[in-house]
Amino acid sequence: MDLNIGIIGTGWFSKVHGDILAGMDRVRVAAVLGTSEAKAEAMAVRYPGAHGYAGLTEMLDREKLDAVYICVPPMAHGEIESVLIERGIPFLVEKPIGTNMDIPTEISGKLQSKPLVHAVGYHFRYKATIQMMKERMAGQTLAMALGTWMGDMPQVSWWRRQEGSGGQFIEQTTHIVDLLRYLAGEVEEVYASYANRIVHTQFEQVGVPDVGTVTLKLRSGAIANISNTCALPGGVGEVGLKLYTGSGMLHWNPDRLDIVGAEESTSYKLGDNPYLKENEAFIHAVRTGDTSGILSDYADALKTQRITCAALESASTGKPVKIEN
């Protein structure tokens, strides 16, 4: 069966997914929805026979879509997911699933009432090195973890606004929070400190902190720290997660995994594409109904969202915040 896919959004992530889909057997990018018809058409020409639209209802009424990819800024979530759920159209939604907990909680409830195939774009879970770490952690006791997302400020205006992006910890560093949960278990408490140091002097209308550090207590008893900044110059940065156990250290970044123990020290550099694996798992689920290959669904992503939003609350109040089960 040939699958017709719609893509909502015309940014970088939309093109990443669209190009992968266009290369799949019996999968066709049939429609693109943008904030204007011109933007949508400009991206649609990448895919033979695809049409551009500026309205969600028009696109869904005119096209017979088997699934939709939602690649929009954090503040644009809500109506799109609701309409797709109501129409029973499977979707893959990019992270984060919102700027706060209100809309994600509402969408999660709708999915519970009317289930359908869906996935959330925490693509790092699909990395072979992350799967190696998960296997290594089985049976081990985590002592502590250190995570980082250090870089520059994305050059889009909505990212600088708290109501647009939710801030760096919600919009970017959510990946590291999600990996911590995936590899080490659930979080029960966070304490955060954020500040504005540099970026507000470089750009106008900056409403998000440019540095932050968050201490996390895990249900297992382990502790973690995840820190971020968007104050570095372009091209300078580091992203990663380090796990420390009684057997040694596992140091991960998107390009490499170092495993260091008393009797071994091994490095792995694998050139796998997690976006490809993520798309293959979702398309397989749409085609067959088998969701076993999807590594992040909405209910699970909601747990990550809850932690990142709790960190914002803690930074605002100066007090630790408990994570509800």
Side-chain angles (χ1 to χ4, degrees), residues 95-96 101 120 122-150 167-170 172-194 211-229 238-268 274 295-297 299-315 317-325:
K95 48 51 62 188
M101 286 300 295
V120 180
Y122 282 106
H123 67 280
F124 283 132
R125 291 189 177 204
Y126 296 84
K127 288 283 290 183
T129 47
I130 291 297
Q131 293 304 315
M132 292 171 64
M133 289 178 76
K134 194 168 182 65
E135 292 174 4
R136 284 269 181 163
M137 288 303 297
Q140 292 197 44
T141 299
L142 177 69
M144 70 177 301
L146 297 175
T148 54
W149 193 291
M150 310 298 195
Q168 186 180 14
F169 203 77
I170 288 175
Q172 284 183 329
T173 317
T174 182
H175 276 301
I176 305 302
V177 175
D178 187 72
L179 288 180
L180 178 67
R181 287 187 51 247
Y182 185 61
L183 297 169
E186 298 301 338
V187 174
E188 66 177 16
E189 185 179 275
V190 300
Y191 175 72
S193 181
Y194 294 172
V211 294
T213 188
V214 182
T215 298
L216 308 96
K217 294 181 181 178
L218 278 64
R219 290 182 193 168
S220 66
I223 59 173
N225 176 271
I226 299 177
S227 297
N228 61 205
T229 184
E238 65 172 320
V239 172
L241 180 64
K242 302 177 181 179
L243 304 181
Y244 302 88
T245 76
S247 298
M249 305 181 295
L250 290 82
H251 290 189
W252 176 88
N253 66 47
D255 299 317
R256 176 173 176 157
L257 170 63
D258 293 326
I259 299 177
V260 181
E263 300 179 355
E264 68 167 330
S265 180
T266 309
S267 295
Y268 301 91
L295 300 183
S296 178
D297 63 13
D300 192 74
L302 188 67
K303 295 178 182 179
T304 296
Q305 182 80 5
R306 185 173 289 116
I307 295 167
T308 58
C309 289
L312 177 62
E313 179 185 346
S314 175
T317 63
K319 298 178 181 179
V321 175
K322 293 283 187 180
I323 306 296
E324 298 179 4
N325 293 333

Side-chain heavy-atom pair Ile176, Thr148 within 4.5 angstrom cut-off: no
Walk me through whether Leu216 and Ile226 qualify under side chain to side chain contact (heavy atoms under 4.5 Å, CB included). CA-CA 8 Å; Leu216 308 96; Ile226 299 177; 3.8 Å; yes
Main-chain N/O of Tyr182 paired to Lys134 side chain as donor or acceptor, under 3.5 Å: yes
Using the side chain to side chain contact (heavy atoms under 4.5 Å, CB included) criterion, which residues pair with Lys217? Sequence neighbours excluded. Glu188, Glu189
Determine the minimum heavy-atom distance between Leu218 and Ala224, stating which atoms define it. CD1-CB, 4.2 Å
Side chains of Val177 and Thr308 in contact at under 4.5 Å (non-hydrogen atoms): yes
I'd like to check Phe169 versus Val214 (side-chain heavy atoms, cut-off strictly below 4.5 Å). Are they in contact? yes
Might you point out which heavy atoms bring Ile170 and Pro96 nearest each other, and give the distance in Å? O-CB, 3.4 Å
Gln305 side chain to Met101 main-chain N or O, any donor-acceptor pair under 3.5 Å? no
Do the non-hydrogen side-chain atoms of Leu295 and Gln131 ever get within less than 4.5 Å of each other? yes
The complete set of salt bridge (charged side-chain N to carboxylate O under 4.0 Å, His left out) pairs with one or both residues in residues 243-257, sequence neighbours excluded, reads Arg256-Asp258
Given side chain to side chain contact (heavy atoms under 4.5 Å, CB included), test Val120 with Asp300 step by step and report yes or no. CA-CA 9 Å; Val120 180; Asp300 192 74; over 6 Å; no
Name all residues meeting the ring pair (Phe, Tyr, Trp, His ring centres under 6.0 Å) criterion together with Tyr244; count only those two or more places apart in sequence or in a different chain, and write none if there are none. His251
Value rounded to 0.5 Å, distance of CG in Leu257 from OH in Tyr268: 7.5 Å
Test Arg306 against Ile323 for side chain to side chain contact (heavy atoms under 4.5 Å, CB included), laying out the working first. CA-CA 7 Å; Arg306 185 173 289 116; Ile323 306 296; 3.9 Å; yes
Do Met249 and Lys242 come within less than 4.5 Å of each other through their side chains, counting heavy atoms only? no
Considering all heavy atoms, the nearest Arg125-Ile130 contact: O-CG2, 4.0 Å
Side-chain contact, heavy-atom cut-off 4.5 Å: Val187 with Arg219? no
Which residues pass the side-chain hydrogen bond (donor to acceptor under 3.5 Å, both in side chains) test with Thr173, sequence neighbours left out? Asn228
Indicate yes or no: at least one non-hydrogen side-chain atom of Glu238 is less than 4.5 angstrom from one of Asn253. no
Set of side-chain hydrogen bond (donor to acceptor under 3.5 Å, both in side chains) partners for Tyr126, sequence neighbours left out: none
Criterion side chain to side chain contact (heavy atoms under 4.5 Å, CB included) on Leu180 and Ile307, from CA distance to verdict: CA-CA 11 Å; Leu180 178 67; Ile307 295 167; over 6 Å; no
Across all chains, not counting sequence neighbours, the salt bridge (Lys or Arg N to Asp or Glu O under 4.0 Å) partners of Glu186 are Arg181
Heavy-atom nearest pair, Gly212 first then Tyr194, reads CA-CD2, 3.6 Å
Side chain to side chain contact (heavy atoms under 4.5 Å, CB included) filter on Tyr191, not counting sequence neighbours, yields Ser314, Pro320
Of all the heavy-atom pairs spanning Ala311 and Ala192, show the shortest one and how long it is. O-CB, 3.3 Å
Would the Phe124 and Trp252 ring centres measure less than 6.0 Å apart? yes
Not counting sequence neighbours, which residues clear side chain to side chain contact (heavy atoms under 4.5 Å, CB included) with Glu264? List them please. Arg136, Ile259, Thr266
Report the residues that fulfil side-chain hydrogen bond (donor to acceptor under 3.5 Å, both in side chains) with Thr174, sequence neighbours left out, ordered by chain and then residue number. Tyr122
Sub-3.5 Å donor-acceptor pair from the side chain of Thr317 to the main-chain atoms of Lys319, do we have one? yes
side-chain hydrogen bond (donor to acceptor under 3.5 Å, both in side chains) against Ser227, all qualifying residues, sequence neighbours excluded: Thr213, Asn225
Contacts of type side chain to side chain contact (heavy atoms under 4.5 Å, CB included), residue Glu135, not counting sequence neighbours: none
